[in-house]
Amino acid sequence: LNGILSMPSSFNDSGAVGFPINALFDWAMGTPSGHKFFLDPGVNSHLMSVLNVWGAFLKSSDSLTTVIVDSQPISIYAGTFTNPQYNWLSDQAMVAMANSLNDGTNYNGKPVEARQAFIK
């Protein structure tokens, strides 16, 4: 957990972007036992402590290593990812985020236009 909480998250197109430990909880959250577990006040108190540590990390300069304009896949993480990881300001991330604006425009293959639309 300490390792996960000290790694900046990167962009990927898997749909699993968010708090990095979601991958650990995902399978359990959809079960009756998992539902009961996450309703427990003691569990939530401890998770709040974890979220506070994550929040402190995100406020630090150490979390900025993936917030750069560089469109090459990054490999700063141990292990194997199914989907390539990218920086948050990469062409891939800008296109995906601009496409999620739901303005009816398809920005695929148009990273400059996507960046402009997202920044608006």
Inset, instruction - State, to 0.1 Å, how close T105 and D103 come at their nearest heavy-atom pair, and which atoms those are. - result: N-OD1, 3.0 Å

Inset, instruction - Examine L58 and V53 and state if one hydrophobic cluster contains both, with Ile, Leu, Val, Met, Phe, Trp and Tyr joined whenever side-chain heavy atoms are less than 4.5 Å apart. - result: yes

Inset, instruction - Measure from the side-chain N and O atoms of N44 to the backbone N and O of F38, and report whether any donor-acceptor pair falls under 3.5 Å. - result: yes

Inset, instruction - Give a yes or no answer on whether the side chain of S45 reaches the backbone of G42 with a donor-acceptor pair at less than 3.5 Å. - result: no

Inset, instruction - For R115 and D91, run side chain to side chain contact (heavy atoms under 4.5 Å, CB included): C-alpha distance rounded to whole Å, both residues' side-chain angles, the deciding distance at 0.1 Å, then the answer. - result: CA-CA 8 Å; R115 191 173 304 279; D91 290 348; 3.1 Å; yes

Inset, instruction - Measure from the side-chain N and O atoms of N87 to the backbone N and O of L89, and report whether any donor-acceptor pair falls under 3.5 Å. - result: no

Inset, instruction - Calculate, to the nearest 0.5 Å, the distance between atoms CG and NZ belonging to N99 and K110 respectively. - result: 9.0 Å

Legend entry - Contact summary for A98 and A114, nearest pair of heavy atoms: CB-O, 3.5 Å

Legend entry - Heavy-atom check, side chain of P8 versus side chain of W88, under 4.5 Å: no

Legend entry - Heavy-atom check, side chain of F25 versus side chain of L47, under 4.5 Å: yes

Inset, instruction - Taking the side chain as every heavy atom from C-beta outward, state whether Y107 and M94 have any pair of such atoms under 4.5 Å apart. - result: no

Legend entry - Residue pair K36 / T31, side-chain heavy-atom distance below 4.5 Å: no

